[in-house]
Amino acid sequence: MSDDTRSDDAKAERHKATMQKQKARVDAAIEAADTERGVLLLLTGNGKGKSSSAFGMVMRALGYGHRVGVVQFIKGQQLSGEEIYVRDHCPQVAFHQMGTGFTWNTQDRSGDIAAAEATWAKVEPMLTDPSFDLVVLDELTYMIGYSYLDEQKVLDALANRPREQSVVVTGRGGGSALRELADTVSEIKDIKHAFKAGIKARKGVDY
Ligand code: ATP
Ligand code: MG
């Protein structure tokens with residue numbers, strides 16, 4: 001047997017032992033996770049991928065025939081592909097967007113608050129209805145950050161939602177109480193973004 005073959009065999013043995021240990025760890029963790037309930041997820045951070053990840057979960061849930069609600073707290077200047085798709089092809093998704101009352105340009109705080117409250121009124125019935133398996137609250141964090149919505153009211157509604165219901169909140173910030181309450185918190189880090197290199201936002205990628 002050549003030295004090369006012997007060292008390949010040793011590598012294969014070491015790899016097998018490492019994998020066995022890893023499998024034992026994963027199996028033990030799976031065994032220990034025995035609670036069945038919906039989860040609150042917070043997708044935050046300055047990097048790209050928060051809303052698009054939430055819509056990935058919408059697809060997952062729809063794949064199992066789950067009931068889904070989506071409420072978007074910022075009315076974009078431009079339609080997004082996910083909005084077009086959900087409106088045209090997913091009549092089973094309850095979809096709401098904050099009205100035109102809110103834009104970054106109005107600097108009309110009372111108008112913004114009224115729009116945020118009107119949109120929250122669409123969320124409340126979802127968070128009390130156990131037939132909704134998944135609720136996406138896209139860009140909700142800004143409503144808390146600007147105090148457009150009462151933080152405690154939002155936290156209470158999230159905490160008291162039906163046990164099997166999962167909720168995804170997206171947006172930068174959102175405060176430490178929301179982080180504390182959430183079961184899963186992912187912070188997407190901005191390493192680089194094409195826009196900063198002068199590349200225009202692209203259909204189907206950015207919106
Ligand atoms: P996406 O909807 O693509 O998942 P996001 O929800 O993480 O993005 P938002 O802050 O909601 O991020 O912004 C949405 C838009 O802004 C998208 O067009 C996205 O490509 C762009 N964007 C997100 N992060 C950055 C960034 N760090 N620099 C520049 N543009 C960004
Ligand atoms: Mg977003």
Side-chain angles (χ1 to χ4, degrees), residues 39-63 66 68-90 93-107 109 112-113 115-120 122-123 126-127 132 134-149 151 154-155 157-158 166-179 181-207:
V39 290
L40 174 62
L41 302 96
L42 171 63
L43 306 178
T44 188
N46 295 331
K48 169 183 160 51
K50 299 174 289 293
S51 298
S52 41
S53 168
F55 280 92
M57 271 177 271
V58 169
M59 279 192 69
R60 284 189 171 170
L62 292 178
H66 289 179
V68 175
V70 177
V71 180
Q72 294 191 302
F73 277 88
I74 288 182
K75 169 88 187 160
Q77 302 288 342
Q78 189 146 36
L79 274 173
S80 63
E82 63 268 24
E83 178 188 349
I84 296 166
Y85 190 82
V86 166
R87 287 198 194 282
D88 289 355
H89 300 286
C90 308
V93 174
F95 188 91
H96 296 285
Q97 236 177 20
M98 192 138 78
T100 43
F102 183 95
T103 79
W104 296 104
N105 305 323
T106 56
Q107 290 150 17
R109 192 174 157 80
D112 290 349
I113 290 173
E117 288 290 356
T119 311
W120 182 253
K122 303 290 185 187
V123 175
M126 295 181 183
L127 297 184
F132 279 98
L134 179 72
V135 177
V136 172
L137 303 177
D138 196 28
E139 323 295 350
L140 174 68
T141 56
Y142 304 104
M143 302 302 106
I144 300 171
Y146 297 139
S147 300
Y148 287 175
L149 293 176
E151 182 180 22
V154 170
L155 294 173
L158 291 171
S166 292
V167 175
V168 188
V169 173
T170 80
R172 298 170 200 203
S176 54
L178 180 61
R179 283 185 181 220
L181 181 65
D183 301 290
T184 296
V185 180
S186 294
E187 182 167 31
I188 299 181
K189 187 176 165 186
D190 179 31
I191 293 180
K192 58 173 158 171
H193 193 290
F195 183 68
K196 287 172 191 145
I199 301 170
K200 273 191 171 176
R202 288 181 70 79
K203 251 185 196 169
V205 174
D206 294 297
Y207 62 91

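In listed order, ligands and their atoms are each counted from 1. Remember, predicted model here, so these are calculated numbers, not experimental data.
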Checklist outcome for this item: Taken in chain and number order and not counting sequence neighbours, the residues that satisfy side-chain hydrogen bond (donor to acceptor under 3.5 Å, both in side chains) with Asp183 are Arg37
Checklist outcome for this item: salt bridge (charged side-chain N to carboxylate O under 4.0 Å, His left out) pairs touching residues 193-207, sequence neighbours excluded, are Asp190-Lys196
Next on the checklist: Any N/O/S atom, side chain or main chain, of Asp138 closer to the Mg ion (ligand 2) than 2.8 Å?
Outcome noted: no
Item to check | 4.5 Å side-chain heavy-atom contact, Thr141 and Leu42 | outcome: yes
Item to check | Atom name of the N, O or S atom in Glu139 that lies nearest to the Mg ion (ligand 2) | outcome: OE2
Checklist outcome for this item: Contact set, ligand 1, heavy-atom distance under 4.0 Å, ordered by chain/number, equals Asn46, Gly47, Lys48, Gly49, Lys50, Ser51, Ser52, Glu139, Arg172, Asp190, His193, Lys196, Asp206
Next on the checklist: Counting C-beta onward and ignoring hydrogens, is there a side-chain heavy-atom pair between Leu140 and Leu149 closer than 4.5 Å?
Outcome noted: yes
Next on the checklist: Suppose we screen for ring pair (Phe, Tyr, Trp, His ring centres under 6.0 Å). Which residues come up paired with Tyr85, at least two apart in sequence or across chains?
Outcome noted: His89
Checklist entry - Going by heavy atoms in the side chains, are Thr119 and His96 under 4.5 Å from each other? => result no
Item to check | Contact check: Ser51 to the Mg ion (ligand 2), N/O/S below 2.8 Å | outcome: yes
Checklist entry - Do the non-hydrogen side-chain atoms of Tyr146 and Asp112 ever get within less than 4.5 Å of each other? => result no
